[in-house]
Amino acid sequence: MHLLETKVAHEQTSWRVDFLGDDGEEVSIKVSDGHAANEGEAIDRAREVMVQLTAFGTRGGGRSVNAYDAMSNGNFDSDEPLLDTWH
């Protein structure tokens, strides 16, 4: 997903942050007022939630097989080195 736009709306007791992608994808995160006092804080908290969820996106939602698998983005054809790889 390539992010095109971020929309923020305040509802009764929470913020709704919508991340809109270039192919019509949309991801919505609900952030309680206790975690955000304004739009900027709501966006920051929603991004934190997305990062936390990313760890669960491997192996169909299961855990990584090992540390190497956990660090991999799955793009083994890329010329970019793996994290902490020194030659």
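Hydrogens, waters and symmetry mates are skipped; everything else that's a heavy atom, side chains included, is used.
No single ILVMFWY cluster, assembled from side-chain heavy atoms under 4.5 Å apart, contains both Leu4 and Val8.
Of the residues Ile29, Val31, Val17, Val27, the one that meets the side chain to side chain contact (heavy atoms under 4.5 Å, CB included) test with Val49 is Ile29.
Interatomic distance, CD of Glu41 versus CH2 of Trp15, reported as 9.0 Å (0.5 Å rounding). In this structure, CG in Leu20 is found 7.5 Å from CG in Leu3, a value given to the nearest 0.5 Å. One distance of note links CG of Asp33 with NE2 of His10; it measures 3.5 Å at 0.5 Å rounding.
Residues Ser14 and Lys30 share a closest heavy-atom pair of OG-CE, 3.1 Å.
Side-chain contact between Phe19 and Glu25 is absent, with no heavy-atom pair separated by less than 4.5 Å.
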